[in-house]
Amino acid sequence: MDHKYMAEPYKVKVVEPIAMSTQQERTEAIKRAGYNTFLLKSKEVYIDLLTDSGTTAMSDNQWSGMMIGDEAYAGSANFYHLEQAVRELYGFKYVVPTHQGRGAENILSKIAIKPGDYVPGNMYFTTTRAHQEMAGGTFVDIIIDEAHDSQVEHPFKGNIDLKKVQALIDRVGADKIPYICLAVTVNLAGGQPVSMQNMREVKQLASKHGIKVMFDATRCIENAFFIKEREDGYQNKTIAEIVKEMFSYADGATMSGKKDCLVNIGGFLALNDEDLYQKATQLVVVYEGMPSYGGLAGRDMEAMARGMYESVDYYYIKHRIEQVRYLGDKLTQAGVPIVKPIGGHAVFLDARAFLSHIPQDQFPAQMLAAKLYEISGVRSMERGIVSAGRDKEGNHYFPKLELVRLTIPRRVYTYAHMDVVADAVIELYKKRDSIPGLKMVYEPPVLRFFTSRFEPLK
Ligand SMILES: *Cc1c(COP(=O)(O)O)cnc(C)c1O
């Protein structure tokens, strides 16, 4: 029997009531928060679409795993479960747990990048680029041009442009490129996937020049689903088979377990190269902890290992992607400008088109996120000029994409919640002309989007 949408492939065993608020309370709250949704208290939020990071609902199986945490300082049984999951599902030889994804990025950047190096990537990610730059590297964007245009439909908009990689090799020399950073999916492009063919070709080109390929594996399961759906030859493969093949084109990966490993905290660095692994174990003890726990409790590693097995279930990931698409389709039908095609973890509002009367240096996406909260209690996130930060000369980066991200947590909200979100965005779209820009009144030196503060312009 066909249904309008695939209903949740799980049932509810525990509930968490959410606080309801009035418009007036929200008007005061967002002002107090400096028009930055990161600075709201979670209790002031009705539907929290700030991020899909660490906001997952764990399963009964994961919670029961928490009870068998082996909290030994060294050689915890849960570490071996995690190691087994990484080897079996992703195919890497070595794993170094870290407290979250950026812990792995820190270690990888420090062991692989020398000052003066270049690190090409398919669009930047905030923490990834920050670690690369702190290690003395320069990030170079090598994503296909289509990714920078929110309206171009492309089945694999996260793909790397091989000509851009070749041009960089010709310009700076392969010995100045320690690795290519390949993200699956590409968060800042709108959760856009990379095709298997592209991964294969990137690996071939990199190998020819002795350059490694390191994946940002954060949303690898979502990427695998899109491959199954869209790429010839993969329709009859399982998600697990696709994931395994994807990682066969990588020399290593950083993972934020808070996304596709279905946990609230955790991450890891996975490697095949023994030499790099040795270096990683030397650093992890300084920054995270023993190589057999890396800043995590035994129970956290157990939950992550179990989450990894659950994540490759076809019906889990099908429901997730379809729920995101349901929200996006509703907005599209109402004429709201969003990034196309709809990505894996979020719907991205195109704030540049939505608030076309606000210039980019008056932070249209920041204001759109603030206004959406104010009218509905729905919390979203700016992904535009504020997130992009400043270059070495201190000027704003002016990214082509000026977006508001409505990120859907895994296994948390229902289709009814998606309807509430869609109705609020559509209402705001109808009165978009009355929304003013912002000025920045406080700015921290790095990763400014987390704590900067704003005031509305007259
Ligand atoms: C979340 C994320 C990271 C960083 O992971 P944390 O667990 O938040 O430290 C890195 N890359 C991408 C693409 C992410 O979405």
Side-chain angles (χ1 to χ4, degrees), residues 38 49-56 82 95-110 119-135 139 141-143 147 157-158 160 179-194 214-224 226 246 250 252-270 284 287-288 294-296 300-301 303-304 307-308 311 320 324 343-346 348 380-383 387-389 399 401 403 405-410 446-447 449-450:
F38 277 99
L49 307 187
L50 185 70
T51 174
D52 63 336
S53 179
T55 51
T56 301
L82 176 63
V95 58
V96 181
T98 54
H99 74 285
Q100 54 186 81
R102 70 198 67 186
E105 291 170 348
N106 176 37
I107 291 169
L108 177 64
S109 299
K110 284 204 162 71
V119 189
N122 48 347
M123 209 173 260
Y124 81 98
F125 184 74
T126 51
T127 59
T128 319
R129 189 179 70 189
H131 282 298
Q132 291 164 354
E133 288 176 347
M134 276 166 16
F139 163 81
D141 190 8
I142 50 160
I143 201 165
K157 231 172 152 177
I160 283 177
Y179 62 89
I180 294 170
C181 180
L182 193 161
V184 285
T185 59
V186 183
N187 190 344
L188 272 81
Q192 304 295 340
V194 179
M214 297 294 179
F215 278 25
D216 180 337
T218 298
R219 294 186 180 77
C220 60
I221 308 299
E222 291 163 12
N223 200 100
F226 286 119
M246 283 165 55
T254 54
M255 184 66 180
S256 171
K258 302 171 72 171
K259 283 74 167 233
D260 272 357
C261 299
L262 302 178
V263 284
N264 304 122
I265 195 73
F268 56 80
L269 172 61
V284 76
Y287 290 102
E288 308 275 329
L296 294 173
D300 295 329
M301 291 189 282
M304 187 152 64
M308 287 171 70
S311 73
R320 165 156 182 72
V324 173
H345 64 296
F348 290 74
S380 59
M381 179 196 291
E382 192 263 11
R383 275 294 180 234
S387 296
L401 297 179
L403 308 175
R405 193 179 77 180
L406 301 164
T407 336
I408 315 301
R410 295 169 181 77
V446 284
L447 298 176
F449 57 96
F450 283 128

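Read the numbers this way: they start at 1 and go in the same order the structure lists the ligands and their atoms. Fair warning: this is a prediction, and the values are worked out from it, not measured in the lab.
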Contacts of type side-chain contact (heavy atoms from CB on, under 4.5 Å), residue Ala346, not counting sequence neighbours: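 With sequence neighbours excluded, Ala346 shows a side-chain contact (heavy atoms from CB on, under 4.5 Å) to Phe348, Arg405, Thr407, given in chain and number order.
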Phe139: which residues meet the ring-ring contact (aromatic ring centres under 6.0 Å, His included) condition with it, sequence neighbours left out?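 Here no residue qualifies.
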With sequence neighbours excluded, residues passing ring-ring contact (aromatic ring centres under 6.0 Å, His included) with Phe38: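 Listed in chain order: Phe449, Phe450.
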Under 4.0 Å from ligand 1 - residues by heavy atom, chain and number: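 Only Gln100, Gly101, Arg102, Glu105, Phe125, Thr127, Thr128, Asn187, Asp216, Thr218, Arg219, Ser256, Lys258, Lys259 have heavy atoms that fall under 4.0 Å of ligand 1, ordered by chain and number.
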Presence of salt bridge, Asp52 and Arg410, under 4.0 angstrom: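 Result for this pair is yes, salt bridge flagged.
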Do Asn187 and His345 have side-chain N/O donor and acceptor atoms under 3.5 Å apart?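 Yes, because at least one side-chain N or O of Asn187 sits under 3.5 Å from a partner of the opposite role on His345.
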Side chains of Thr185 and Glu222, donor plus acceptor under 3.5 Å: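 Thr185 vs Glu222: no donor-acceptor pair found between side chains.
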